[in-house]
Amino acid sequence: MDKIVETITSVNGAINGVVWGIPMLVLIIATGIYMTVRTGFFQITRIKHWANETFLAIFKKKSVTKTKEKKAISQFQALSTALAATIGTGNIAGVATAIAVGGPGAVFWMWISAFFGMMTNYSENVLGIFYRKKNDHGEWSGGAMYYINEGLKGRKGFKHIAKPLAVLFSIFCVLASFGIGNMTQVNSISSAMKSNFNIPTIATGIILAIIAALVIVGGIKRIASVTEKLVPFMAVFYIVGCLIIFFSNFSQIPYVFSSIFRNAFNFGAIAGGVGGYIIKRAVTMGFKRGVFSNEAGLGSSVMVHSASDVKEPVIQGMWGIFEVFFDTIIVCTLTSFVILSSPADSKTFDEAMQSISTEAQYFEIHTTSDGSVVNLIDDNINALYEVAPADAAEGTYTEYAAKTVYGQDLTVKLRTADNASGESDFTYANVMEIQGVQGKNADGTLMTDENGNPVITSVTISEVNGVPLVTYAFSLRLGHIAGKILAIAILLFAFSTVLGWSFYGTKALEYLFGTKATIIYKVIFVLFVIVGCTMNLSLAWDIADTLNGLMAVPNLIGVLLLSATVIRITGNYVRRKIKKTNPDETPMLSVYTDIQAEQAAKLAEEE
């Protein structure tokens, strides 16, 4: 059995290295660049128009937030549900990891990824609306699987592979929904609730499952009614928290911006054998965070955008631009600003070594002697401290005399910086965590001295990354309450992702087996909420991550081959609505003649 698991892990790792590796990232970004150029940099040249038709329209047009159609959702509800799925724990933990691994410059490349990703998402939504159709219940059904099949089956050389590509996309989506869109999210919630509020994981699982069932079984109308209230609340909650931290560190604001641009382009200061690693990491971590966060290129959010009551494909495409903008340029950027503006403000390494206890404490990797601020994230990369193994060869470690707060002396062997060579041996974060390990007697009981104090026999030193790094930054200003604030943010972000992805999986399964099969999926999906909260399924999560990435392959094939259709629809809209050179031109609303006529009639009524 162990060999089978080992084989599956190895195969999945190899596939994952491809689907989330450099070639796929290049393809996703290149698609965004291609669509940006083909549309004449629409996200910039038409910024005033798409802002007025999306975010600003929420406050000016009642039709954007309300819908008269019983089987559709409003444009704002579609955006909220899409953002619910894309804004997840990655906006907190993922950004922190990207900066710690790739440096401040990763933020710049994250912005670049989002800039071009706007037009990938735009193209997906335009195609989603244009190729959508109604199911047996009279609801809109659309997504990558529909435009892949309907758009490519008539093309020479794609007649026999259009349907298989659409089916593969749907299978990948259904399976990924249980991992990326369910178990990984609720596991983050249960862990946060356990560590901050001491709520048992099973209790968290049952409560979340009940709430999820009440929402998910009600279909897209109920999901949308929840997300349109939840997303604005959680966004404001997190944004306000980030801004409080950022502006309380106002003196560091110049450093934040200078470090981002300096680190993104200035590689001359990097020396040593890891220089190649570092250059690659800044770019790839930034691109990865952008793609992971906003999901542009994966073809996921288009499924909920297609359920909108919108008539014009370009309108929903513009909501796709705003979705990427808000998710990455706003939320991810604020997380990065909190981390970059924060000082390390911790003990020095020597101070920590002289006050070892069973409580975890932080120490600075790099310190200054002139009393200047030591930043939480360094401009230059740091070699991680690592406890050397007991059988470490002479010359590969340095011995340090340490002292515990209980009056005990001990010797700690640490690997020397000269032996740091791989990517995982370095970090841009300037803090690490050190904790004493209480020894055990022969009978397994914990060792104590004559005063009842723990006897420390060794120490652990670990990297600070992900949520702990963000929590540390928040705690510098908010104290111990920071963990609870982040726990609530994770609860909101992760649970909203579960709601959004439940709809994606439902629509993908509907495409494969019809509407009757979706109730079975919803029941299983809800049960997996409990499983995800209570079990460690790391391999299952890794496989789901791979499947999530595999969704991009058929989707990008569809987007690139149907790019001419996107351009025609965009040109048609621009001539009618923006330039108004031909306002009487027949609008391009659907590939199907009956839906085209129906939507054109409704559009005429609205105008």
Student: Does the side chain of Thr227 come under 3.5 Å of the side chain of Thr81 through a donor N or O and an acceptor N or O?
Tutor: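 A pair is found: one side chain offers a donor N or O, the other an acceptor, under 3.5 Å apart.
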Student: Look at the rings of Phe261 and Trp111 and say which category their plane angle falls in: under 30° parallel, 30 to 60° tilted, over 60° perpendicular.
Tutor: tilted
Student: Taking side chain as C-beta onward, heavy atoms only, is Phe325 less than 4.5 Å from Met118?
Tutor: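 Contact flag for Phe325/Met118 side chains = yes.
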Student: Ignoring hydrogens and geometry beyond distance, is a side-chain donor-acceptor pair present between His305 and Glu124 at under 3.5 Å?
Tutor: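 Note: His305 and Glu124 side chains miss the donor-acceptor criterion.
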Student: Contact between Phe172 and Val553 at the side-chain level, heavy atoms closer than 4.5 Å - yes or no?
Tutor: no
Student: Got a second to check how far Leu476's CG is from Asn249's CG, nearest 0.5 Å?
Tutor: 8.0 Å
Student: Should Ile189 and Cys533 count as side-chain neighbours, where that means a heavy-atom distance under 4.5 Å?
Tutor: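 No - every pair of side-chain heavy atoms lies 4.5 Å or more apart.
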Student: Set out, in order, the CA-CA distance, both residues' side-chain angles and the distance that settles side chain to side chain contact (heavy atoms under 4.5 Å, CB included) for Ile29 and Ser113, then state yes or no.
Tutor: CA-CA 6 Å; Ile29 300 299; Ser113 169; 3.6 Å; yes
Student: Supply the atom-to-atom distance Thr333 OG1 to Asp327 CG, rounded to the nearest 0.5 angstrom.
Tutor: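 These two atoms lie 10.0 Å from each other.
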Student: Taking the side chain as every heavy atom from C-beta outward, state whether Ser341 and Ile253 have any atom pair closer than 4.5 Å.
Tutor: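 No, their side chains stay 4.5 Å or more apart.
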Student: On a heavy-atom basis, which atom in Ile456 and which in Gly436 lie closest, and how many Å separate them?
Tutor: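 Answer, listing the atom of Ile456 first, then Gly436: CG2-CA, 3.8 Å.
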Student: Just by distance, do the side chain of Asn121 and the backbone of Ala296 share a donor-acceptor pair under 3.5 Å?
Tutor: no
Student: Taking it one step at a time, do Phe493 and Tyr238 satisfy side chain to side chain contact (heavy atoms under 4.5 Å, CB included)?
Tutor: CA-CA 10 Å; Phe493 281 27; Tyr238 187 67; 3.7 Å; yes
Student: Examine the side chains of Lys347 and Ser355 and answer whether a donor and an acceptor come within less than 3.5 Å of each other.
Tutor: yes
Student: Side chain to side chain contact (heavy atoms under 4.5 Å, CB included) between Thr404 and Leu410: does it pass, once the steps are laid out?
Tutor: CA-CA 8 Å; Thr404 73; Leu410 69 155; 3.5 Å; yes
Student: Distance check, rounded to the nearest 0.5 Å: Thr31 atom OG1 versus Ile33 atom CD1?
Tutor: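 Thr31 OG1 to Ile33 CD1: 9.0 Å, rounded to 0.5 Å.
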Student: If we ignore hydrogens and angles and just use 3.5 Å, is the side chain of Asn263 paired with the main-chain N or O of Gly105 as donor and acceptor?
Tutor: yes
Student: Between Tyr397 and Glu399, is a side chain to side chain contact (heavy atoms under 4.5 Å, CB included) present by the stated rule, with each step listed?
Tutor: CA-CA 7 Å; Tyr397 63 85; Glu399 290 188 346; 3.8 Å; yes
Student: Determine, step by step, whether Phe55 and Phe326 satisfy the ring pair (Phe, Tyr, Trp, His ring centres under 6.0 Å) criterion, reporting the C-alpha distance in whole Å, the side-chain angles of both residues, the deciding distance to 0.1 Å, and the verdict.
Tutor: CA-CA 10 Å; Phe55 174 70; Phe326 186 80; 8.2 Å; no
Student: Between Ala114 and Val324, which heavy-atom pair has the shortest distance, and what is it?
Tutor: O-CG1, 3.4 Å
Student: Counting heavy atoms not belonging to Glu359, are there more than 12 under 6.0 Å from its CD?
Tutor: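 No, not enclosed.
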Student: Under 3.5 Å, side chain of Asn196 to main-chain N/O of Ala192, donor-acceptor pair present?
Tutor: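 Yes; judged by distance alone, with no hydrogens or angles, the pair exists.
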Student: Is there a side-chain contact between Leu556 and Ile28 (heavy atoms, below 4.5 Å)?
Tutor: yes
Student: Can you confirm whether Ile481 is buried at CD1, in the sense that more than 12 heavy atoms of other residues, nucleotides or ligands lie under 6.0 Å from that atom?
Tutor: no
Student: Give the table of side-chain donor-acceptor pairs shorter than 3.5 Å for residues 240-247, with sequence neighbours excluded, one pair per line with atom names and distance.
Tutor:
none

Student: Taking ring pair (Phe, Tyr, Trp, His ring centres under 6.0 Å) as the cut-off, I'd like each qualifying pair that reaches into residues 464-490, sequence neighbours left out, listed once.
Tutor: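 Ring pair (Phe, Tyr, Trp, His ring centres under 6.0 Å) check on residues 464-490 returns Tyr362-Tyr472.
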Student: Check the orientation of Phe363 and Tyr385. Use parallel for under 30°, tilted for 30 to 60°, and perpendicular for over 60°.
Tutor: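 Aromatic pair Phe363/Tyr385 classed perpendicular.
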Student: Locate the shortest heavy-atom distance separating Tyr428 from Ile99; write the atom from each residue and the value.
Tutor: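 That closest heavy-atom pairing would be CB-O, 3.6 Å.
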Student: Please report the C-alpha distance between Tyr504 and Ser301 in whole Å, then the side-chain angles of each, then the deciding distance to 0.1 Å, and finally whether the side-chain hydrogen bond (donor to acceptor under 3.5 Å, both in side chains) criterion is met.
Tutor: CA-CA 8 Å; Tyr504 297 166; Ser301 67; 4.8 Å; no
Student: Closest approach of Tyr406 and Ser357, non-hydrogen atoms and distance?
Tutor: OH-CB, 3.7 Å
Student: Is the closest side-chain heavy-atom distance between Phe257 and Phe337 below 4.5 Å?
Tutor: yes
Student: Work out which heavy atom in Ile87 is nearest to a heavy atom in Thr497; give both atom names and the distance.
Tutor: O-OG1, 3.1 Å
Student: Taking the side chain from Gln408 and the backbone from Pro454, do they hold a donor-acceptor pair closer than 3.5 Å?
Tutor: yes
Student: Do Leu414 and Ile461 have side chains that approach each other closer than 4.5 Å (heavy atoms only, starting at C-beta)?
Tutor: yes
Student: To the nearest 0.5 Å, how far apart are CE in Met35 and CZ in Phe42?
Tutor: 11.5 Å
Student: Please tell me whether Gln43 and Thr36 have a donor and an acceptor in their side chains that are separated by less than 3.5 angstrom.
Tutor: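 Their side chains do contain a donor-acceptor pair, which is all the 3.5 Å distance test asks for.
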Student: Identify the two heavy atoms, one from Ser496 and one from Leu230, that lie closest to each other, and give their separation to 0.1 Å.
Tutor: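 Taking Ser496 first and Leu230 second, the nearest heavy atoms are CB-CD2, 3.8 Å.
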Student: Nearest 0.5 Å, please: how far is OG in Ser177 from CE in Met183?
Tutor: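 Reported value, rounded in 0.5 Å steps: 9.5 Å.
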Student: Among Ile490, Thr97, Leu469, which residue satisfies the side-chain contact (heavy atoms from CB on, under 4.5 Å) criterion with Ile92?
Tutor: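 Exactly one option meets the side-chain contact (heavy atoms from CB on, under 4.5 Å) with Ile92, and it is Ile490.
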Student: For Ala360, give me all partners under side-chain contact (heavy atoms from CB on, under 4.5 Å), at least two apart in sequence or on another chain.
Tutor: Glu433, Gln435
Student: Are the side chain of Gln185 and the backbone N or O of Asn182 linked by a donor-acceptor pair below 3.5 Å?
Tutor: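 Looks like no, no N/O pair under 3.5 Å.
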Student: Parallel, tilted or perpendicular: which fits the ring planes of Phe233 and Phe237, with parallel below 30° and perpendicular above 60°?
Tutor: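 Rings of Phe233 and Phe237: parallel, under 30°.
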Student: Just how far is it from atom CG of Leu79 to atom CG of Asn125, taken to the nearest 0.5 Å?
Tutor: 10.0 Å
Student: Answer yes or no: is there a side-chain heavy-atom contact under 4.5 Å between Ile434 and Thr460?
Tutor: no
